[in-house]
Every structure is written in structure tokens, then in C-alpha cells.
Amino acid sequence: MESNNTLSIGTASGTLLSVMPNIVSEDILKTIILAVVGAIISFIITLLLAGLTKFKKK
């Protein structure tokens, strides 16, 4: 079965171009800030859980 890359690329490009005018720069900034906060919290929780498992092994 042969895949049709032209149709996939055309669909993805059309979707992207139709969404682009609706994206506000404030939304992009908010998304970046939330991603950074989420990564920091995830890292801190990972460190806490690693320390907790070390503490329980002793």
C-alpha cells in the first residue's frame, strides 16, 4: 500500500495556516511559562521521590 505524502502534507499545512491567525502572542508566552513551571515542578518531585526511596532503603 502506497502512502500519499502530498495529501498528508497538504492537510497538515492547511490546518496550521488556519490556526495561525487565532494564536495570540500572549498565548504563546503563557504556554512557555507553564511549560517551564511544569518542568521545574516535575524535576523537584523527582528529586523528592528519589530521596524518599533512598531514605526507605536504609
Side-chain angles (χ1 to χ4, degrees):
M1 189 167 126
E2 187 177 320
S3 65
N4 190 352
N5 289 335
T6 306
L7 179 62
S8 300
I9 292 172
T11 303
S13 300
T15 303
L16 181 64
L17 290 175
S18 66
V19 170
M20 285 294 282
N22 296 325
I23 297 177
V24 184
S25 62
E26 294 171 356
D27 290 340
I28 295 173
L29 182 62
K30 188 187 308 182
T31 302
I32 292 170
I33 291 171
L34 288 173
V36 168
V37 169
I40 291 171
I41 290 174
S42 176
F43 181 72
I44 290 171
I45 295 297
T46 302
L47 290 178
L48 288 174
L49 289 174
L52 188 64
T53 56
K54 280 184 181 180
F55 178 73
K56 282 193 169 190
K57 285 183 181 179
K58 288 184 179 182

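Worth saying up front: this structure is predicted, and the values here are computed from it rather than measured.
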Worksheet item: Counting only N and O atoms by type, is there a donor-acceptor contact under 3.5 Å from the side chain of Thr15 to the main-chain atoms of Thr11?
Response: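 A pair under 3.5 Å: yes.
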Worksheet entry | Short side-chain to backbone donor-acceptor contact, Ser13 and Gly10, under 3.5 Å |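 No, Ser13 side chain to Gly10 backbone: no donor-acceptor pair under 3.5 Å.
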Mind checking whether [X] and [Y] sit in one hydrophobic cluster, side chains of I, L, V, M, F, W, Y counted as touching below 4.5 Å?
| X | Y | answer |
| --- | --- | --- |
| Ile44 | Leu34 | no |
| Leu17 | Ile28 | no |
| Phe43 | Ile40 | no |
| Ile45 | Val36 | yes |
| Leu48 | Ile41 | yes |

